[in-house]
Amino acid sequence: MSASNIVSEEMTRSLGDNESLQEVLDFLVTEEQLGVTLVSAAIKNAPGTPSEAFLPVLRNGVTQEYLHVEALKEAGGKPLTTKYWFPDAALDNGGIGVFETLEVIETIEISLYLIGVSAFARRSDDFGARLCAEAMGTEAVHRALVRFAQGELGKEIGPPNDVGFENFDWPTLGAVRKALEALGIGYGVETSQRGRFYDYPGDPLANGLGTPVNHTQPA
């Protein structure tokens with residue numbers, strides 16, 4: 001047996017033993033609520049700042065994240081919190097920093113959704129695996145868009161579409177959460193980085209922050 005096969009088997013066994021499908025769903029829906037909360041705050045901060053030019057992208061993006069929340073809840077996900085601590089630097093008063101933060105979050109979330117694909121696939125649940133894959137596709141678009149925004153605002157980022165295959169650099173929930181918390185994000189708790197709590201605001205179409213999108217249900 002090759003070393004790569006051994007690593008693959010060890011990873012699969014670790015995921016199967018230590019991370020139940022329920023745990024994966026719960027953290028996915030928690031993370032998507034974080035996305036709604038962060039992007040909602042970015043939309044509110046945008047007028048008169050460099051990020052204002054990208055409001056159409058942010059307004060569609062917050063609706064997409066909310067649709068993911070609702071689909072994951074229907075699949076059985078239960079949020080771990082509805083209250084998030086965001087460092088001031090993560091929102092950067094509407095500057096380029098908000099897009100830098102979103103790039104990191106979206107990149108990590110792609111790995112999180114691949115954990116979800118694997119969790120559903122091990123149970124031969126094609127709908128659940130497809131739900132995660134469809135949502136992950138949207139997150140990959142978000143990643144490219146926030147990279148594009150950074151380029152437009154003067155940062156040297158290279159092409160926004162810079163990967164042949166999406167990353168699986170954080171293959172466990174523990175690794176995902178550790179990477180996100182390293183940004184100074186707190187899930188219901190205050191962190192050491194200066195910032196404040198934000199509450200999950202719910203439906204962005206209802207509160208006027210979002211705009212309608214197509215394909216509102218997983219296939």
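Just so it is clear, the values below take in all heavy atoms, side chains as well, and ignore hydrogens, waters and symmetry mates.
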Tell me whether [X] contacts the main-chain N or O of [Y] through its side chain, where contact means a donor paired with an acceptor under 3.5 Å.
X: D26; Y: K78; value: yes
X: R130; Y: P218; value: no
X: T191; Y: G184; value: yes
X: Q33; Y: L80; value: no
X: R143; Y: E139; value: no

Query - Side chains of Y113 and E32, donor plus acceptor under 3.5 Å - result: yes

Report task. Establish, from distance only, whether the side-chain atoms of S111 and N167 form a donor-acceptor pair under 3.5 Å. Result -> yes

Common cluster, [X]/[Y], ILVMFWY with side-chain heavy-atom separation under 4.5 Å:
X: L153; Y: V98; value: yes
X: L21; Y: M136; value: yes
X: L112; Y: W170; value: yes
X: F99; Y: L145; value: no
X: V57; Y: V213; value: no

Roughly how far apart are [X] [atom1] and [Y] [atom2], rounded to 0.5 Å?
X: L173; Y: E31; atom1: CG; atom2: CD; answer: 11.0 Å
X: E109; Y: H68; atom1: CD; atom2: NE2; answer: 9.5 Å
X: D199; Y: S40; atom1: CG; atom2: OG; answer: 11.5 Å
X: T49; Y: L55; atom1: OG1; atom2: CG; answer: 7.5 Å
X: N45; Y: D92; atom1: CG; atom2: CG; answer: 9.5 Å
X: F86; Y: L38; atom1: CZ; atom2: CG; answer: 4.5 Å

Query raised in the report: V39: what forms a side chain to side chain contact (heavy atoms under 4.5 Å, CB included) with it, not counting sequence neighbours?
Result: I43, L58, V62, L102

Requested in this report: Measure from NZ or CZ of R177 to the centre of the six-membered ring of F27 and say whether it is under 6.0 Å with the direction within 45° of the ring axis.
Outcome: no

**Report entry** side chain to side chain contact (heavy atoms under 4.5 Å, CB included) between E65 and L34, intermediate numbers included
**Finding:** CA-CA 9 Å; E65 304 286 15; L34 178 149; over 6 Å; no

Report task. For K155, enumerate each residue passing the side chain to side chain donor-acceptor pair (under 3.5 Å) test, keeping only those at least two apart in sequence or located in another chain. Result -> E100, Q150

Could you check whether any side-chain heavy atom of [X] comes within less than 4.5 Å of a side-chain heavy atom of [Y], counting everything from C-beta outward?
X: F120; Y: L131; result: no
X: I115; Y: F168; result: yes
X: P212; Y: L205; result: yes

Requested in this report: Decide side-chain hydrogen bond (donor to acceptor under 3.5 Å, both in side chains) for Q64 and H142; before the verdict, give the C-alpha distance in whole Å, the side-chain angles of both, and the deciding distance to 0.1 Å.
Outcome: CA-CA 10 Å; Q64 292 164 331; H142 291 173; 2.4 Å; yes

Looking only at non-hydrogen atoms, find the nearest pair between [X] and [Y] and report the distance.
X: Y84; Y: T82; answer: CE1-C, 3.8 Å
X: V36; Y: G202; answer: CG1-O, 3.8 Å
X: T63; Y: R59; answer: OG1-O, 3.2 Å
X: G77; Y: V29; answer: C-CG1, 3.9 Å
X: D169; Y: P171; answer: O-CD, 3.4 Å
X: L28; Y: C132; answer: CD1-SG, 4.2 Å

Requested in this report: For the pair Y200 and Y66, name the ring-plane relationship: parallel under 30°, tilted 30 to 60°, perpendicular over 60°.
Outcome: parallel

Report task. On the 0 to 90° scale, with breaks at 30° and 60°, tag the W85-F197 ring pair as parallel, tilted or perpendicular. Result -> perpendicular

Requested in this report: Could you walk me through whether E70 and L67 pass the side chain to side chain contact (heavy atoms under 4.5 Å, CB included) test, one step at a time?
Outcome: CA-CA 5 Å; E70 293 302 293; L67 293 173; 5.8 Å; no

